[in-house]
Amino acid sequence: MPGPPKPRPLLFLDVDGTLLPMTGGIGRLPGDYANPSLGGLDPEHSRRLAALPCDLIWATGWMAEANEVLAPRLGLPQLPVVDWPHDEDDDDDSGLHWKTRRLVEWAAGRGFVWVDDEITDADRIWVEANHHAPALLHRVDPRRGLTDSDYWTISRWLKSQDS
């Protein structure tokens with residue numbers, strides 16, 4: 001008898017610089033609260049994210065606001081949210097991003113993709129040494145946000161985890 005199915009990888013999704021490009025020239029749409037960059041939110045992200053073979057998790061300083069503001073605009077369901085410690089803005093002396101350790105802890109041994117515009121080699125090295133499941137740390141150009149090329153890379157990696 002086959003064992004239990006292998007859990008799907010997680011996809012930790014940042015918002016600023018990833019779903020919302022840092023272009024600065026985006027106009028405000030009605031109801032966009034105090035964040036003019038919401039005008040740069042591409043509704044096509046919903047279809048593309050939903051097509052990925054993974055479990056989506058908000059990994060953003062937006063925290064619960066990602067479900068309140070972004071999910072409805074994108075047509076996404078309410079997603080789990082990574083809670084950050086209060087010292088989230090402090091990188092440690094090793095050069096790690098303030099999210100890195102918490103994401104590995106949150107993954108709890110599951111494979112994951114982390115999509116963010118602030119990932120560095122220090123984060124990749126630390127995750128490789130401290131997380132014993134497959135992980136893809138994918139850095140997005142914050143001026144463009146997620147592009148076709150990014151989705152291709154993420155999709156290809158996720159599909160390679162099925163085998």
Side-chain angles (χ1 to χ4, degrees), residues 5-91 97-108 110-119 123 127 133-159 161-162:
K6 182 178 170 184
R8 291 175 8 135
L10 304 172
L11 190 147
F12 293 116
L13 185 60
D14 181 45
V15 171
D16 294 319
T18 303
L19 291 177
L20 297 175
M22 304 287 194
T23 58
I26 298 167
R28 179 182 268 176
L29 297 177
D32 279 344
Y33 308 100
N35 190 336
S37 67
L38 286 173
L41 187 62
D42 183 351
E44 188 64 15
H45 285 308
S46 177
R47 180 188 65 78
R48 296 184 87 171
L49 290 167
L52 294 171
C54 61
D55 295 335
L56 299 173
I57 313 288
W58 291 119
T60 173
W62 283 61
M63 295 179 55
E65 284 185 291
N67 278 325
E68 296 165 14
V69 177
L70 299 170
R73 290 171 186 274
L74 289 169
L76 289 173
Q78 299 289 292
L79 302 175
V81 178
V82 176
D83 289 321
W84 306 113
H86 294 293
D87 59 347
E88 67 186 44
D89 293 326
D90 297 330
D91 291 337
H97 192 280
W98 56 268
K99 295 179 182 178
T100 308
R101 293 176 197 272
R102 180 69 178 124
L103 294 180
V104 167
E105 179 183 299
W106 216 93
R110 285 177 68 179
F112 71 86
V113 176
W114 174 20
V115 180
D116 204 302
D117 63 311
E118 297 180 343
I119 295 168
D123 301 304
V127 169
L136 171 66
L137 279 62
H138 184 75
R139 187 177 188 282
V140 173
D141 181 338
R143 296 165 295 172
R144 291 192 292 257
L146 278 165
T147 64
D148 291 342
S149 176
D150 297 311
Y151 278 108
W152 183 85
T153 299
I154 294 163
S155 178
R156 187 169 150 225
W157 187 88
L158 287 166
K159 287 176 183 173
Q161 300 308 301
D162 281 340

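All of these numbers come straight from a predicted model, not from anything done at the bench.
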Would you call Arg144 and Asp150 a salt bridge, using N to O less than 4.0 angstrom?
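Salt bridge absent between Arg144 and Asp150.
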Checklist entry - Do the non-hydrogen side-chain atoms of Thr18 and Glu118 ever get within less than 4.5 Å of each other? => result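 Not in contact.
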Quick one, Arg156 and Lys159 - any side-chain contact, counting heavy atoms below 4.5 Å?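 Contact flag for Arg156/Lys159 side chains = no.
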Begin from the C-alpha positions of Asp16 and Asp117 and carry the test side chain to side chain contact (heavy atoms under 4.5 Å, CB included) through to its verdict. CA-CA 8 Å; Asp16 294 319; Asp117 63 311; 5.7 Å; no
For residues [X] and [Y], report the shortest heavy-atom separation together with the two atoms involved.
X: Leu19; Y: Leu41; value: O-CD1, 3.8 Å
X: His138; Y: Ile119; value: O-CD1, 3.5 Å
X: Gly17; Y: Val140; value: O-CG1, 3.7 Å
X: Cys54; Y: Leu11; value: SG-CB, 3.6 Å
X: Pro21; Y: Gly145; value: CB-N, 4.0 Å
X: Ala107; Y: Leu10; value: CA-CD1, 3.7 Å

Walk me through it: do Ile154 and Leu146 pass the test side chain to side chain contact (heavy atoms under 4.5 Å, CB included)? CA-CA 10 Å; Ile154 294 163; Leu146 278 165; 4.1 Å; yes
Can you name the residues that form a side-chain contact (heavy atoms from CB on, under 4.5 Å) with [X], not counting sequence neighbours?
X: Thr60; value: Asp14, Val15, Trp58, Trp62, Ala66
X: Arg143; value: Asp141
X: Pro134; value: Trp157, Gln161

If the test is side-chain contact (heavy atoms from CB on, under 4.5 Å), which one of Leu56, Ile57, Leu49, Asp55 qualifies with Leu79?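 Considering Leu56, Ile57, Leu49, Asp55, a side-chain contact (heavy atoms from CB on, under 4.5 Å) with Leu79 is found only for Leu56.
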For Trp106 and Phe112, run side chain to side chain contact (heavy atoms under 4.5 Å, CB included): C-alpha distance rounded to whole Å, both residues' side-chain angles, the deciding distance at 0.1 Å, then the answer. CA-CA 10 Å; Trp106 216 93; Phe112 71 86; over 6 Å; no
Gap between atom [atom2] of [Y] and atom [atom1] of [X] - 0.5 Å precision:
X: Phe12; Y: Thr100; atom1: CZ; atom2: OG1; value: 11.0 Å
X: Leu52; Y: Arg47; atom1: CG; atom2: CZ; value: 10.0 Å
X: Leu103; Y: Trp84; atom1: CG; atom2: CH2; value: 4.0 Å

Check: Side chain of Arg110, backbone of Arg8: donor and acceptor closer than 3.5 Å?
Finding: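 Between the backbone of Arg8 and the side chain of Arg110 there is a qualifying donor-acceptor contact (under 3.5 Å).
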- Query: Aromatic rings Trp114 and His97: how do their planes relate, parallel, tilted or perpendicular, breaks at 30° and 60°?
  - Reply: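 Ring orientation, 0 to 90° scale: perpendicular.
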- request: For His45 and Arg48, run side chain to side chain contact (heavy atoms under 4.5 Å, CB included): C-alpha distance rounded to whole Å, both residues' side-chain angles, the deciding distance at 0.1 Å, then the answer.
  value: CA-CA 5 Å; His45 285 308; Arg48 296 184 87 171; 5.6 Å; no
